[in-house]
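Reading through the structure tokens given below for one structure.
Chain letters run A, B, ... following the sequence lines, proteins first and then strands; every chain starts at 1.
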Amino acid sequence: MTSKTLFDKIWDAHVVKEVEGGPNVLYIDRHFIHEVTSPVAFLGLKNRGLKVFRPNQTTATPDHNVPTINQHIAVKDELSRTQLEMLKANCTEHGIVHHDLGSEGHGVVHIIGPEMGLTQPGMTIVCGDSHTSTHGAFGAIAFGIGTSEVEMVLASQCIMQPKPKKMRISVNGKLAEGVTAKDIALYIISQISTSGGTGHFIEYTGSAIKSLSMEGRMTLCNLSIECGARGGMIAPDETTFEYVKGRKYAPKGAEWDKAVEKWKELKSDDDAVFDTELTFDAADIEPMITYGTNPGMGMGITQKIPTTDRMVGSDKTSFEKSLQYMGYNAGEAIKGKPVDYVFLGSCTNGRIEDFRAFTNFVKGKKKAPNVTVWLVPGSKQVEKQIREEGLVEILEEAGFKLRQPGCSACLAMNDDKIPSGKYSVSTSNRNFEGRQGPGARTLLASPLTAAAAAVTGVISDPRELK
Amino acid sequence: MAYDKFSTITSPAVPLTIENVDTDQIIPARFLKAIERKGFGDNLFRDWRFEKDGSEKAGFPINNKKYSGKILVAGKNFGSGSSREHAAWAIYDYGFRVVVSSFFADIFKGNALNNGLLPVVVTPQFLQKIFDAIEKDPDTTFEVNLEKQTFTIKQTGETTDFEINPYKKHCLQNGLDDIDYLVEMQNEIESFEAAK
């Protein structure tokens, strides 16, 4: 038998049919839906007179446009409220489990899936959201899809996809103190650009990756889409099994043992061939921050913004347009630049480990008076854990308040918008123009770098503030 | 979703030389609150196209009266970022049927093909030729021949081939979508589930 990558093993086991001269018909084990990319798909089903084919393989929660304060009262924005009501009505009609706003299972879709044990090794997982790549952390093939494809999954539990190429990214060595999974991801994207992974599915490996917690692995896989890849994955190991074990939808008893036996086989064969191989040294990575308007425009926090000397043509024009939007100059240092907002949260960094890191950092310090800080837990469970672990008291003592779960300022579909021209150090995933609100200027960073900005009021190296 | 059958399109083109155009620029998140698929074209490139008061920004190509047509020509890495299919809907709804670039993001490309919008990949050199031709004469027309898989600058006769998956080509030419195909496969899918 020819040797296979981890990706091949899972993909090939899910191909229902290879269409001649076309894509594969791929079977989907788990489907997540939210309020924004599902209504048109349900409408499509209705127009065709179809029912949901496998309702128990789809799970719903509203996250993109929900408010993050006063969730107990009706959502003010009429369009958002309509989308929430539509999601609920569609789920009721088709018998889909729906974790509504305010319920204990509510949260950002990519946070609640793993939390409930719905995300498991070896699965194919899709959602109408590009950060579905998050679930690859468990050794699953997980990727974002468009609304037409959401309709396909609802109608048939399958989608039609050409098989992507395979890339292996190895990060070896030990991460320095103050360097997190977020920094690994921003470092990789800064090296290979926002299109370096296009057409590929990534497998991350190497000692620095294996040492990451599940939360860290999810952050890394989450950001795979930002280098253009459909998704990223990490072979499951004891860290994975330990995380999944005992969760609500995880296999139990003898079923658990059987599952783990199977999951242990989920790794690339020693002589498996990848289309692209990249290797990085963990020692080269320092806390990262972005200075431009795409996630590839990132650098170590002690570095200077690149100069345009060696750029030509449209590369140079695009770079200059980006810096102009940010209000920065080529060649200048970023440390010490003013900060107006700090956002901790999103499917990238809205997990309990992120809140622990932030809280631990600000403990005994005070919020800088010039900074507005939004701390948005990724789910009700994360919120609960923050309270149970006594983090809220520490945060409040330092001048911070906790909000309620949702996607929030990551994409500013709700009221959590950064005002035009203001600078936001954000733990989210995209620094595109206007992403956090029209005219908003976003600097992507880790929860530690965000915490450092929150207490100093300027862009700061978290390693200098221990 | 039904869309118009795609045949040959001959049209001038609108140039958007900027690179890495992400789907947040194509349609900002705050316009994703609709529950039906209509009217997205009004907000295509919203923040690049309009001032805060709703007036048009003079410098943006779409607002420039000298450019028109069913073909959008864009800088490399078009459609990166969010998976929102609204980006493809907005471009189609505005009236474009073809997007040309030297490089597309994966999800956008798939979404476009699922909605009757043809993504045409050309070499960086040919892309520059197209931009140059439009700059020289905004009325330059281009022919997109899906059957032959060719893209031609009519005035100069320069032509290039483009790739498309044969299955997707068939779908575009006939206005078909994948859902019809998958629903007809129900028995095969059930057998697959049983054997898992």
Side-chain angles (χ1 to χ4, degrees), chain A residues 16-17 19-23 25 27 36-37 39-40 43-44 48 50 53 64-65 77 79-80 82-83 86 128-130 132 144-149 151-152 155-162 164 194-195 198-199 225-226 228 230 294 314-315 317-318 321 411-413 430 432-435 438, chain B residues 1 17-20 22-25 28-30 32-37 46-48 52 75-77 80-89 103-108 110-112 114-115 128 131 165-171 177-183 185-186 188-189 191-193 196:
Chain A
V16 179
K17 183 179 175 178
V19 180
E20 210 185 311
V25 175
Y27 189 81
V36 175
T37 56
V40 172
L43 194 63
R48 291 169 202 259
L50 296 171
F53 183 58
H64 279 60
N65 72 25
D77 179 72
L79 293 171
S80 297
T82 305
Q83 281 193 329
M86 282 296 291
D129 185 280
S130 61
T132 308
I145 57 176
T147 296
S148 295
E149 292 164 314
E151 189 180 338
M152 290 176 212
S156 69
Q157 206 56 38
C158 290
I159 55 170
M160 302 189 70
Q161 287 287 307
T194 54
S195 58
T198 304
I225 181 70
E226 306 312 333
R230 276 317 278 276
N294 70 59
S314 54
D315 283 336
T317 321
S318 297
K321 179 178 184 291
L411 82 168
M413 270 192 85
R430 288 185 176 136
F432 297 148
E433 282 184 35
R435 172 78 177 183
Chain B
M1 182 71 198
T17 52
I18 195 86
E19 297 175 351
N20 300 312
D22 58 79
T23 53
D24 272 85
Q25 308 316 317
R30 62 187 189 279
L32 308 185
K33 292 181 179 179
I35 52 167
E36 286 179 274
R37 201 195 119 161
R46 178 78 203 194
D47 294 336
W48 283 350
K52 271 183 206 155
K76 73 178 176 202
N77 197 25
S80 58
S82 159
S83 62
R84 61 189 69 164
E85 195 161 310
H86 313 67
W89 299 342
F103 197 96
F104 288 95
D106 289 332
I107 303 181
F108 174 80
N111 286 341
N114 282 336
N115 287 279
Q128 195 54 52
F131 282 139
N165 179 303
Y167 166 81
K168 277 294 171 194
K169 178 176 173 177
H170 174 79
C171 287
D177 70 24
D178 293 346
I179 297 165
D180 302 321
Y181 187 95
L182 289 170
V183 169
M185 273 186 65
Q186 187 166 332
E188 279 172 84
I189 295 168
S191 307
F192 177 87
E193 285 177 321
K196 259 190 96 176

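- Within the 3.5 Å criterion, the main-chain N or O of Ser148(A) finds a donor-acceptor partner in the side chain of Glu85(B).
- For a residue to count as touching a neighbouring chain, one of its non-hydrogen atoms must lie under 4.5 Å from one of that chain's; by this rule Ile145(A) touches chain B with the backbone only.
- Here Arg435(A) pairs with Asp24(B) in a salt bridge; the nearest charged N to carboxylate O distance falls below 4.0 Å.
- Using a 4.0 Å cut-off between a side-chain N of Lys or Arg and a carboxylate O of Asp or Glu, Asp77(A) and Lys33(B) qualify as a salt bridge.
- Looking at Asp106(B), its side chain never comes within 3.5 Å of a backbone N or O of Thr198(A) through a donor-acceptor pair.
- When Ile225(A), Asn65(A), Val19(A), Ile159(A) are compared by the number of non-hydrogen pairs under 4.5 Å with chain B, Val19(A) comes out ahead.
- At a 4.5 Å heavy-atom cutoff, the contact between Leu411(A) and chain B is made by backbone and side-chain atoms alike.
- Taking Ala34(B) as the reference, Phe40(B) meet the side chain to side chain contact (heavy atoms under 4.5 Å, CB included) condition, with sequence neighbours excluded.
- For Thr194(A) and Asn77(B), the side-chain atoms include at least one donor-acceptor pair closer than 3.5 Å.
- Every residue two or more places apart in sequence or in another chain that forms a ring pair (Phe, Tyr, Trp, His ring centres under 6.0 Å) with Tyr167(B) is listed here: Tyr181(B).
- Side chain of Gln83(A) to main chain of Leu32(B): a donor-acceptor pair is present (N/O by atom type, distance under 3.5 Å, no hydrogens or angles).
- Checking side-chain atoms of Gln25(B) against main-chain N and O of Glu433(A) turns up a donor-acceptor pair under 3.5 Å.
- Among Ser191(B), Pro28(B), Gly81(B), the residue making the largest number of heavy-atom pairs under 4.5 Å with chain A is Gly81(B).
- In terms of heavy-atom pairs under 4.5 angstrom with chain B, the leader among Ser80(A), Gly434(A), Gly44(A) is Ser80(A).
- Residue contact with chain A, scored on non-hydrogen atoms closer than 4.5 Å, involves the side chain of Phe103(B) exclusively.
- Between chain A and the options Asp178(B), Asp47(B), Val183(B), heavy-atom pairs under 4.5 Å are most frequent for Asp178(B).
- Counting heavy atoms of neighbouring residues, nucleotides and ligands inside a 6.0 Å radius, atom NZ of Lys196(B) exceeds 12 of them.
- Of the two parts of Thr317(A), neither the backbone nor the side chain holds a non-hydrogen atom closer than 4.5 Å to a non-hydrogen atom of chain B.
- If you tally non-hydrogen atom pairs under 4.5 Å between each of Ala105(B), Cys171(B), Ser82(B), Ser80(B) and chain A, the highest count goes to Ser82(B).
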